[in-house]
Trainee: 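Submitted below is the structure of interest, expressed as structure tokens.
Chain naming here is simple, since letters A, B, ... match the order of the sequence lines and numbering starts at 1 in each. Here the structure is a predicted model, which means the values were calculated and not measured.
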2 protein chains.
Amino acid sequence: MRDHAAPQGAQAALRAIRLLKLFAAETSELQLAEISVSAGLNKTTTHRLLQALHSEEMLERNPATGAYRLGSAMMALGVQALSGNELRLRARPMLRRLADETGETATLEVPVDDTMLILDEVTTKHFVGASGNVGTRWPIHATSTGKALIAFEQCGVQRLNSDLTALTAHTITRLDTLENQLSDIRRRGFAETVDELEDGFSGVGVAVRGGMGEVLGALSICGPTQRLSEARRTQLGATLCTVASRLQPRY
Amino acid sequence: MRDHAAPQGAQAALRAIRLLKLFAAETSELQLAEISVSAGLNKTTTHRLLQALHSEEMLERNPATGAYRLGSAMMALGVQALSGNELRLRARPMLRRLADETGETATLEVPVDDTMLILDEVTTKHFVGASGNVGTRWPIHATSTGKALIAFEQCGVQRLNSDLTALTAHTITRLDTLENQLSDIRRRGFAETVDELEDGFSGVGVAVRGGMGEVLGALSICGPTQRLSEARRTQLGATLCTVASRLQPRY
DNA sequence: AACACAATTTCATTATATGGAACTCTAATG
DNA sequence: CATTAGAGTTCCATATAATGAAATTGTGTT
């Protein structure tokens, strides 16, 4: 993506993929006309690409309304992507321990465009399985994980547009303000979010690397701002850095 | 797909999608050369399409080997597809009841090309959550769910090639033999597999429909052949037909 | 019946996709 | 060290496939 630009000569393929991504939003069903507008593509072209996606079961259609939604092939590939994700498997026991030791919520997240996708989450309230936020996505600029990621990822900042959406009164909405934080994050090794994603919600995040040092995602510990004082956040940051470095494979 | 042919004028998009589908198999990482061969595409073309998929994070690369694997965007879309799937949500309580009442394993499955993807599964051994087979795919021709599906789905048989892979000595390997079963399945309302997928494993499956009668997937009850006598399978078939019809939304 | 808007189809033009060939990179071998 | 093999990447001319304007069909509402 940002460190690998889209190639010349694959416009149609890219357009199809970008159509698919429209369905990653909360709205599960979309009609041709709205898709065409959202994608900024001619209706005929959109129609043709949707038919291609439909013919391969990446999208299916609601027969009552004709609207498109993600299909069974998408499910199969998604499940395969998740179950093949080594990081997720390796991180689970560590997440659980983090949640135990801190009494807060621990998450593993990976970047998707300008968001962070929660891959796994362990809270102290339920130790059983994935909890409610797995699969949700949150803006990079408002999350500790997102900030940690772009601080360490090559060309990470390029994931963001110049206008950052305000989620609370505390959200950083200027790219240059955010960029000013990055060297500090790099120095300390962790990033923070304080009432930026949601009022009363704070978190600490660190980047997670693969065996060759490449940034794969991020870990976080998060909870009510009330409980996450600055001193505590610093402590949690140090804990997370230790865990992240243990999570990195050695070659 | 089979009832909707691939359009003219979307060759590149289709090729990209078909490359993605190569990663649905068990092998999680693939290199350019093998992908090119598997896809039957020129290496340059393959490379370009892979770059497109990579730039959108549908695929990511192992930096040590350069090999491609499914990426974070695939995970996000897959999770979205699963969580948006109404059938899965509606079927869960029924699956649990089925497993309780029968003492066997109950599954919900949807078709992906010539396979059935297990979307949900409840066994009597663990009532807690998804068990080990969710996300796995099995050949349509050897599963009760697959047979039930193609019996009722428009142009369902077109999902299959003329040569059906033998998994056991009992697997049906001729398309015409399988086609001969379909009218019987339609008459009875359910389909069976007996030692066809795996020796000692049998199942009963029924098609599941949406509100306009369109075939969405299938339900099954399965277990050791020893326990699933013909008489019992008939009984289970009737039970499944009742459940399937309760599962169908009414408009 | 008329109207509005959704979806689908047609077809001429040309932009984009294609693939052969060359090049670069990396690892293994003599 | 030089050579070889095979992986990945880049270049570029050509023609194929993609594009989109316009027309047609389908559906629901008044």
Side-chain angles (χ1 to χ4, degrees), chain A residues 1-20 22-23 27 29-56 58-69 71 211-214 251, chain B residues 1-20 22-23 27-56 58-69 71 154 211-214 251:
Chain A
M1 43 109 342
R2 319 299 139 158
D3 57 337
H4 289 91
Q8 294 301 301
Q11 177 180 243
L14 284 163
R15 282 176 165 180
I17 292 155
R18 288 170 188 155
L19 287 187
L20 267 187
L22 292 179
F23 293 86
T27 320
E29 291 197 355
L30 296 167
Q31 293 195 301
L32 171 63
E34 58 187 318
I35 295 168
S36 170
V37 169
S38 295
L41 275 189
N42 174 279
K43 194 169 54 161
T44 307
T45 301
T46 306
H47 183 249
R48 186 184 297 111
L49 292 173
L50 288 172
Q51 281 192 315
L53 291 166
H54 184 223
S55 75
E56 291 291 328
M58 299 295 267
L59 293 177
E60 69 187 26
R61 299 189 77 171
N62 181 329
T65 61
Y68 294 88
R69 62 198 174 209
M212 298 196 77
E214 77 280 12
Y251 285 152
Chain B
M1 43 103 357
R2 318 300 137 157
D3 57 338
H4 289 90
Q8 294 301 300
Q11 175 181 245
L14 283 163
R15 282 176 166 181
I17 292 155
R18 289 171 188 157
L19 287 187
L20 267 187
L22 291 179
F23 293 87
T27 319
S28 54
E29 291 197 354
L30 297 166
Q31 294 196 302
L32 171 63
E34 58 186 320
I35 296 167
S36 170
V37 169
S38 294
L41 276 188
N42 175 279
K43 192 171 57 163
T44 307
T45 302
T46 306
H47 183 249
R48 186 186 297 113
L49 292 172
L50 288 172
Q51 280 192 315
L53 291 166
H54 184 223
S55 75
E56 292 291 327
M58 300 295 266
L59 293 177
E60 69 186 25
R61 298 189 79 171
N62 181 329
T65 61
Y68 294 87
R69 61 197 174 208
Q154 206 123 359
M212 298 195 75
E214 76 281 12
Y251 284 154

Trainee: Between the axis at one end of the helix from C:dA1-D:dT30 to C:dG30-D:dC1 and the axis at the other (five pairs apiece), what's the angle to 10 degrees?
Mentor: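 So the angle between the two local helix axes works out to 40°.
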
Trainee: Rounded to the nearest 0.5 Å, what's the gap from CG on A:Leu59 to CG on A:Leu20? Could you check?
Mentor: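 With rounding to 0.5 Å, CG (A:Leu59) is 5.5 Å from CG (A:Leu20).
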
Trainee: Restricting both atoms to N or O, compile the protein contacts to nucleotides 15-19 of chain C shorter than 3.5 Å, with distance only.
Mentor:
from	atom 1	to	atom 2	distance (Å)
C:dA17	OP1	A:Gln11	N	2.5
C:dA17	OP1	A:Ala12	N	2.8
C:dA17	OP2	A:Gly9	N	3.2
C:dA17	OP2	A:Gly9	O	3.3
C:dA17	OP2	A:Ala10	N	2.9
C:dA17	OP2	A:Gln11	N	3.2
C:dA17	O5'	A:Gly9	O	3.3
C:dT18	OP1	B:Gln11	NE2	3.4
C:dT18	OP1	B:Arg15	NH1	3.0
C:dG19	OP2	B:Thr45	OG1	2.7
C:dG19	O6	B:Arg48	NH2	2.8

Trainee: Looking only at heavy atoms, what is the nearest atom pair of A:Phe23 and A:Tyr68, with distance?
Mentor: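 That would be CE2-O, 3.1 Å.
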
Trainee: Say you draw a straight line from CZ of A:Arg15 to CG of A:Asn42; how long is it, rounded to the nearest 0.5 Å?
Mentor: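 A:Arg15 CZ to A:Asn42 CG: 9.0 Å, rounded to 0.5 Å.
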
Trainee: If you look at every heavy atom in A:Met212 and B:Ala64, which pair is closest and at what distance?
Mentor: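 Heavy-atom minimum between the residues: SD-CA, 3.1 Å.
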
Trainee: Roughly, in whole Å, what's the span from NE2 in B:His47 to C1' in D:dA7?
Mentor: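 About 10 Å, once rounded to whole Å.
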
Trainee: Report the distance from atom CG of B:Leu19 to atom CG of B:Leu53, rounding to the nearest 0.5 Å.
Mentor: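 Taking CG in B:Leu19 and CG in B:Leu53, the distance rounds to 6.5 Å.
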
Trainee: Please answer whether the main-chain N or O of A:Leu32 pairs with a side-chain N or O of A:Ser36 as donor and acceptor at a distance below 3.5 Å.
Mentor: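 Not a single qualifying donor-acceptor pair exists.
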
Trainee: Please report the distance, rounded to the nearest Å, between CD in B:Gln51 and P in D:dT9.
Mentor: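 So the two atoms are 6 Å apart, to the nearest Å.
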
Trainee: Find the distance between CG (B:Leu30) and CG (B:Asn62) and round it off to the nearest 0.5 Å.
Mentor: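 Reported to 0.5 Å precision, the distance equals 12.0 Å.
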
Trainee: In residues 30-38 of chain A, which residues come under 4.0 Å of DNA chain C by heavy atom?
Mentor: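 Heavy-atom contacts with DNA chain C come from A:Gln31, A:Leu32, A:Ala33.
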
Trainee: How many Å lie between CZ on A:Arg61 and P on D:dT27, as a whole number?
Mentor: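 About 12 Å, once rounded to whole Å.
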
Trainee: Expressed in angstrom and rounded to an integer, what is the separation of B:Lys43 atom NZ from D:dG6 atom C1'?
Mentor: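 After rounding, the reported distance stands at 8 Å.
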
Trainee: Evaluate side chain to side chain contact (heavy atoms under 4.5 Å, CB included) for B:Leu14 paired with A:Ser55, printing each intermediate quantity in order.
Mentor: CA-CA 9 Å; B:Leu14 283 163; A:Ser55 75; 3.7 Å; yes

Trainee: So, taking the atom named OG1 in A:Thr46 and the one named CG in A:Leu41, what distance separates them when rounded to the nearest 0.5 Å?
Mentor: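 Output value for this atom pair is 4.5 Å.
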
Trainee: Distance from B:Gln51 atom CD to B:Arg61 atom CZ, nearest 0.5 Å?
Mentor: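 With rounding to 0.5 Å, CD (B:Gln51) is 7.5 Å from CZ (B:Arg61).
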
